[in-house]
Novice: 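Below you'll find the structure I mean.
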Number of protein chains: 2
Amino acid sequence: MTSTASAAPVDQKLRCDAARNRERVLAAAMELYREHGGAFTVEEVASRAGVGIGTVYRRFPTKNALLDELARPFFEQLLATAQAARAHPRPAERLEVFIRSMAEQHAATGVRSGRLWDTALARPLRDQYQRTVELILADARDGGRVRPDVDVYDVGVVIWTVGGLIDATGRAAEVIWRRHLDLVLDGLRPGGHTSPTTRPIQQSDWEALVVAAPALRLG
Amino acid sequence: MTSTASAAPVDQKLRCDAARNRERVLAAAMELYREHGGAFTVEEVASRAGVGIGTVYRRFPTKNALLDELARPFFEQLLATAQAARAHPRPAERLEVFIRSMAEQHAATGVRSGRLWDTALARPLRDQYQRTVELILADARDGGRVRPDVDVYDVGVVIWTVGGLIDATGRAAEVIWRRHLDLVLDGLRPGGHTSPTTRPIQQSDWEALVVAAPALRLG
DNA sequence: CACAAAAGCGGAATCGCATTCCGGTTATCG
DNA sequence: CGATAACCGGAATGCGATTCCGCTTTTGTG
């Protein structure tokens, strides 16, 4: 699947009432998202926004497109996060700070930097983001804080992977992802390890993960 | 959500025709699973099995329960894998062998050891499995091949996490999970690192991950 | 073997949701 | 002010999973 739609002609030349409705829909959706995290009906969005379903659909071709749109602001925040990390005083620590704050942000907002990468509007952001990450990585490398063979993709995978843990355990068991991230970050360093700051995972934490993973792939 | 149902009274005292049908359904489902990987209809299962939908549902309260049932044999295989690793000649290497073969098996069969853990029938297997993992871990620790602070849960999380990558990228980009696993395994070791055997990840590999992750959590 | 329950059966009917359609409305522009 | 393209609302569709229920076998018994 290529990035369906989302190449939506931004919010240009919309009839003013249409524009207003678009905002209402977005606002309603955001509200619902905060309340139920994606588990809401398009009809609910419509009624809360005080418009008909058709209206929602003329503006957003699909529920997913709507969600993507919701994610955009958070996504811009991600870029900001990367740039903030880049500004960290000790260059060598920037990579770790970066990865940690990405995770932290994901945990706080529930937004993962997945599909969005692929949308037209996000492209410029994406390029900037990637460039920033390269720089951060270079800093860490210069400072001797990463194994020289670690590249941007490795970093991306780590973030993706921890993102999965965050999605799966969320509030229920933060330790799980924190502890794992500590271990992985240790693993990325060139030399020995420093001791992680987290407590070990416990049976009760683990349950959350077990329940979250279906035994068979569904797609 | 606690393990819904699945405490099904095994395949005991079923009217013989019922038992036959149950097998047919299971067989049909397995066929379909191999063909479409979970993306099939309960009606398809029914018709391929030559029974009515109702029949499927009387035996398996939900499509998911059916899938869980399908997974069982694979799951037993997982235990076998653990035990095989335990039998590896060099004790110190058992942990790594274990983790690697778990991933390998997941990649090959598409079965992840998630929800199943929680079912009544799986419990005895699970206990055995956990005990085995403890032993493997102890071996590695004695051999000085893992940081002393790594425990069973850490191992579990690594397997879960790599499982996520496998599900997401599958055939499309094996490098991703292999490379990541190499890095993580390196990270679990107490001392320095050995160089991984995989090639670095490339843009084209990465795409797979990007597309696989939705921007917003849906549950 | 006959017979009443118990256990099964098929598949139509429901339900929840996303997505599509279409006849009626309203900004906008000349 | 009139034409019309852009909008609207919300009923209708489509698709799956899951439920229901009247009819059929199996099974246990006498």
Side-chain angles (χ1 to χ4, degrees), chain A residues 1 4-6 8-26 28-29 32-33 35-70 115 214-219, chain B residues 1 4-6 8-29 32-33 35-70 115 214-216 218-219:
Chain A
M1 281 127 237
T4 340
S6 272
V10 203
D11 30 45
Q12 309 232 280
K13 35 198 147 190
L14 273 188
R15 221 168 75 174
C16 91
D17 55 341
R20 184 166 357 102
N21 282 334
R22 184 175 193 280
E23 290 317 312
R24 283 185 184 159
V25 167
L26 238 25
L32 284 165
Y33 180 73
E35 287 170 30
H36 309 95
F40 55 80
T41 292
V42 176
E43 285 196 300
E44 290 181 290
V45 176
S47 83
R48 176 148 344 180
V51 304
I53 317 207
T55 303
V56 176
Y57 273 95
R58 192 161 336 78
R59 219 50 69 194
F60 307 95
T62 189
K63 180 181 180 181
N64 244 310
L66 176 55
L67 285 174
D68 281 356
E69 203 57 34
L70 279 194
R115 184 173 298 152
L216 292 184
R217 187 187 310 149
L218 290 185
Chain B
M1 281 128 236
T4 343
S6 273
V10 204
D11 28 47
Q12 308 232 282
K13 36 196 146 190
L14 272 190
R15 226 168 70 174
C16 94
D17 56 341
R20 181 162 4 97
N21 281 336
R22 183 175 193 281
E23 290 317 311
R24 283 185 185 159
V25 167
L26 238 24
L32 284 166
Y33 181 72
E35 287 169 32
H36 308 96
F40 55 80
T41 292
V42 176
E43 285 197 295
E44 291 180 291
V45 177
S47 83
R48 173 141 358 174
V51 304
I53 317 204
T55 303
V56 175
Y57 272 95
R58 191 158 339 77
R59 219 48 71 193
F60 307 95
T62 190
K63 182 181 180 182
N64 244 311
L66 176 55
L67 285 175
D68 282 355
E69 202 58 33
L70 279 193
R115 183 171 300 152
L216 293 184
L218 292 186

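So that the names make sense, note that chain A is the first sequence line, chain B the second, and so on, each numbered from 1.
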Novice: Is there a residue in residues 44-51 of chain A whose heavy atoms reach under 4.0 Å of DNA chain C, and which residues are they?
Specialist: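 Going residue by residue through residues 44-51 of chain A, none turns out to have a heavy atom under 4.0 Å of DNA chain C.
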Novice: Write down the distance between CZ (B:Phe60) and C1' (D:dG16), rounded to a whole number of angstrom.
Specialist: 19 Å
Novice: Within this structure, what is the NZ-to-P distance between A:Lys13 and D:dA5, rounded to whole angstrom?
Specialist: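 Computing the A:Lys13:NZ to D:dA5:P distance gives 17 Å.
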Novice: Are side-chain heavy atoms of A:Leu66 and A:Leu26 found at a separation under 4.5 Å?
Specialist: yes
Novice: When you look at A:Val25 and A:Arg22, which way does the side chain to side chain contact (heavy atoms under 4.5 Å, CB included) test go after all the steps?
Specialist: CA-CA 5 Å; A:Val25 167; A:Arg22 184 175 193 280; 5.8 Å; no
Novice: Please encode protein proximity along nucleotides 19-30 of chain D as a string of B, S and -, counting only heavy-atom distances under 4.0 Å.
Specialist: B-----BSS---
Novice: Do A:Asp17 and A:Arg20 come close enough that some side-chain heavy atom pair is under 4.5 Å?
Specialist: yes
Novice: Once rounded to the nearest 0.5 Å, what's the spacing between atom CD1 of A:Ile53 and atom CZ of A:Arg58?
Specialist: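 One finds 12.0 Å between CD1 of A:Ile53 and CZ of A:Arg58.
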Novice: Just verifying a value: how many Å separate A:Tyr33 OH and A:Leu67 CG, rounded to the nearest 0.5 Å?
Specialist: 8.0 Å
Novice: With rounding to the nearest 0.5 Å, note down the distance linking CG in B:Asp68 to NZ in B:Lys63.
Specialist: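 Here the rounded value is 12.5 Å.
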Novice: Would you mind writing out the side-chain donor-acceptor pairs for residues 40-47 of chain A within the sub-3.5 Å range, not counting sequence neighbours?
Specialist:
| residue | atom | partner | partner atom | Å |
| --- | --- | --- | --- | --- |
| A:Glu44 | OE1 | A:Thr41 | N | 2.7 |
| A:Ser47 | OG | A:Glu44 | O | 3.3 |

Novice: Does the side chain of A:Asn21 get closer than 4.0 angstrom to OP1 or OP2 of D:dC8 through an N or O atom?
Specialist: yes
Novice: Between A:Thr55 and D:dG9, does any side-chain N or O lie under 4.0 Å from OP1 or OP2?
Specialist: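 Yes.
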Novice: Partners of B:Arg48 by salt bridge (charged side-chain N to carboxylate O under 4.0 Å, His left out), sequence neighbours excluded?
Specialist: B:Glu31, B:Glu35
Novice: Should B:Arg59 and B:Glu69 count as an ion pair when the cut-off is N to O under 4.0 Å?
Specialist: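 The answer is no: the pair does not qualify as a salt bridge.
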Novice: Between which nucleotides of DNA chain C, read 5' to 3', does contact with chain A run, using atoms under 4.0 Å from its heavy atoms?
Specialist: C:dC17 to C:dT28
